[in-house]
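First the structure, in the form of structure tokens, and then the observations on it.
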Amino acid sequence: MEYRHVNTLSPGDPFRDWLVKKITGYRLQNKQCLVNVFKHNSSHTVCKYQFEGEHFSVMAKFFSEPTGRLKDYNPYKGMMNEYRNLKYAASIINVAKPLAVHKKYNCVLVTEYIPGKSLGWYIKREEKLYERLAAVAHMLRHLHENTKSSYNKEKEFKNYHEVLDHLKLDHDTRKTFNKLLGKWWYSSSLDREYGCMVHRDVTPSNYIFYKGKPYAIDFESSWFQAHPVRDLGILTAELKKEFELHKGGGWRAEPYIGNFLWEYSRDEKDFTSITGALPFFMSIGLLRSARIHRGNNRNYLIKEACECLKTINRG
């Protein structure tokens, strides 16, 4: 992640003193230390607070300061939702642990700062990428297996239509998507006995490797009662997009995608089931990306999303 220095807080600053007293006081040798503030571009104001001379930092997300497309929402509800999601996930996998929340300070959620390199860094350089993707696959499997619940298939399709609504496609393209979604609804490819918790925002920037272990961050959009392959579809869509736009062709991602899915699977039967459901969720992953692209890149992502859905005819 890239940060830029925006401020230095001294003792007497209310937010700085709250951080020291309520969150980090017990870990600081010098409670009068200065605190450097570094800002990160995100869907909300997100800052890293670095305590000078202490080799210690925390992250803060301010839910009352949205910077992305979504601005009409309840910030307190969003703050508490992510706080609860992180606490729950932290009992199962490595995450940036939540440390505190405070409504007064623009609905801030404070979490651990995880140093290290993101999965995106490894994808960009294709360095240890099979190994890193395998580690994320095992993490996701552990999360899904240990959060089993009922399954809400209707919610998966409702969300797909919401993404399509946001894209404002032309009439014929939307009609094609609607027809294909109908075929997926009546097929058995997405049917299953149970759902689970999914991270849902499985983008490469949300997995940080520290001392060889992956840590997941940003659980604001996590779901329950979800299909586990949703997480796999989002990440494989990200891989395909990255290789298509920056590395010579989406086809070059296929070996990494195949290995990632195999590492996630229990056995060959499980792998077959996963690959049967994958095109639906990979399709929605591509459409999610299309929302922030323009021109030829946007058209490519929408076309590939449609091609994914068309595999139902051959499945």
Side-chain angles (χ1 to χ4, degrees), residues 1 40-46 59-63 66-71 73 75 77-90 92-98 109 111-114 116-123 132-133 135-137 139-144 147 152 155-156 158-160 162-163 166-167 195-209 214-242 260 264 278 280-293 301 305:
M1 289 188 180
H40 167 62
N41 291 330
S42 184
S43 58
H44 300 80
T45 297
V46 174
M59 296 296 294
K61 179 192 286 189
F62 298 89
F63 284 81
T67 59
R69 296 182 305 274
L70 181 62
K71 298 185 187 299
Y73 77 113
K77 185 177 179 182
M79 173 187 73
M80 293 307 300
N81 182 59
E82 181 163 11
Y83 180 72
R84 286 190 294 265
N85 288 344
L86 278 168
K87 288 203 68 157
Y88 183 51
I92 302 164
I93 60 173
N94 292 329
V95 303
K97 290 185 176 62
L109 164 67
T111 66
E112 289 181 320
Y113 167 68
I114 308 296
K117 295 180 174 66
S118 72
L119 177 60
W121 188 93
Y122 291 99
I123 293 172
R132 296 312 190 211
L133 286 168
V136 172
M139 168 185 266
L140 290 172
R141 183 90 208 189
H142 196 63
L143 176 68
H144 299 157
T147 57
N152 188 339
K155 185 166 70 169
E156 304 286 4
K158 182 175 182 288
N159 176 250
Y160 201 119
E162 287 170 350
V163 173
H166 184 90
L167 286 167
C196 62
M197 180 186 190
V198 292
H199 186 181
R200 194 163 167 246
D201 197 9
V202 189
T203 54
S205 61
N206 282 339
Y207 290 84
I208 310 296
F209 284 85
Y215 288 76
I217 63 174
D218 197 348
F219 275 70
E220 181 184 356
S221 60
S222 293
W223 269 4
F224 294 85
Q225 297 180 297
H227 199 300
V229 179
R230 171 176 279 270
D231 278 346
L232 310 184
I234 300 301
L235 183 51
T236 54
E238 289 285 326
L239 283 166
K240 187 174 181 67
K241 177 196 74 174
E242 177 67 19
F260 168 70
Y264 179 91
L278 185 75
F280 178 88
F281 295 107
M282 194 170 180
S283 177
I284 200 168
L286 292 164
L287 292 177
R288 277 170 33 124
S289 292
R291 295 182 301 184
I292 58 174
H293 283 82
L301 292 165

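Note that this is a predicted model, so its numbers are computed, not measured.
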(request) Report yes if the side chains of Arg291 and Leu167 come closer than 4.5 Å at any heavy-atom pair, otherwise no. (result) yes
(message) List the residues meeting side chain to side chain contact (heavy atoms under 4.5 Å, CB included) with Asn159, not counting sequence neighbours, and say none if there are none.
(response) Glu162, Val163, Arg200, Trp223, Arg230, Ile284
(request) Output all residues satisfying side-chain hydrogen bond (donor to acceptor under 3.5 Å, both in side chains) with Lys61, sequence neighbours left out; order by chain, then residue number. (result) Glu82, Asp218, Glu220
(request) List for me each residue that meets side-chain hydrogen bond (donor to acceptor under 3.5 Å, both in side chains) alongside Glu242, sequence neighbours excluded, and say none if there are none. (result) none
(request) With sequence neighbours excluded, tell me which residues meet side-chain hydrogen bond (donor to acceptor under 3.5 Å, both in side chains) with Ser289. (result) Glu238
(request) Taking the side chain as every heavy atom from C-beta outward, state whether Ile234 and Asp201 have any pair of such atoms under 4.5 Å apart. (result) no
(message) For Lys77, give me all partners under side chain to side chain contact (heavy atoms under 4.5 Å, CB included), at least two apart in sequence or on another chain.
(response) Asn74
(request) Tell me, please, which residues at least two apart from His227 pass ring pair (Phe, Tyr, Trp, His ring centres under 6.0 Å). (result) Tyr151, Phe281
(request) Provide the closest heavy-atom pair for Ile93 versus Ala216 in the form atom of the first, atom of the second, distance. (result) CD1-CB, 4.4 Å
(message) Using only atom types and a distance under 3.5 Å, with no angle test, would you say the side chain of Lys155 pairs donor to acceptor with the backbone of Phe224?
(response) yes
(message) According to ring pair (Phe, Tyr, Trp, His ring centres under 6.0 Å), who are the partners of Phe280, at least two apart in sequence or on a separate chain?
(response) Phe157, Tyr160, Trp184
(request) For the residue pair Tyr88 and Thr147, establish whether any side-chain heavy-atom pair is separated by less than 4.5 Å. (result) yes
(message) For a 4.5 angstrom cut-off between non-hydrogen side-chain atoms, does Leu133 reach Leu119?
(response) yes
(message) List the residues meeting side-chain hydrogen bond (donor to acceptor under 3.5 Å, both in side chains) with Thr45, not counting sequence neighbours, and say none if there are none.
(response) Glu65
(request) Return the minimal non-hydrogen interatomic distance between Ile217 and Ser205, and the atom names on each side. (result) CD1-O, 3.8 Å
(message) For Asp231 and His144, which I'm curious about, is there any donor-acceptor pair between the side chains at under 3.5 Å?
(response) yes
(request) Report the residues that fulfil side chain to side chain contact (heavy atoms under 4.5 Å, CB included) with Asn94, sequence neighbours left out, ordered by chain and then residue number. (result) Met139, Lys213, Tyr215
(message) Could you report the tightest heavy-atom contact between Thr111 and Leu109, atom names first, then the distance?
(response) CG2-CG, 4.0 Å
(request) Could you pull out all residues at least two apart from Tyr113 that satisfy side chain to side chain contact (heavy atoms under 4.5 Å, CB included)? (result) Tyr3, Lys48, Ser57, Met59, Pro115
(request) Provide the closest heavy-atom pair for Ala90 versus Lys97 in the form atom of the first, atom of the second, distance. (result) CB-CG, 4.3 Å
(request) May I ask you to test the Leu140-Phe260 pair for a side-chain heavy-atom distance under 4.5 Å? (result) yes
(message) Testing the basics here: between Ala137 and Tyr264, what is the closest heavy-atom pair and its distance to 0.1 Å?
(response) O-CD1, 3.4 Å
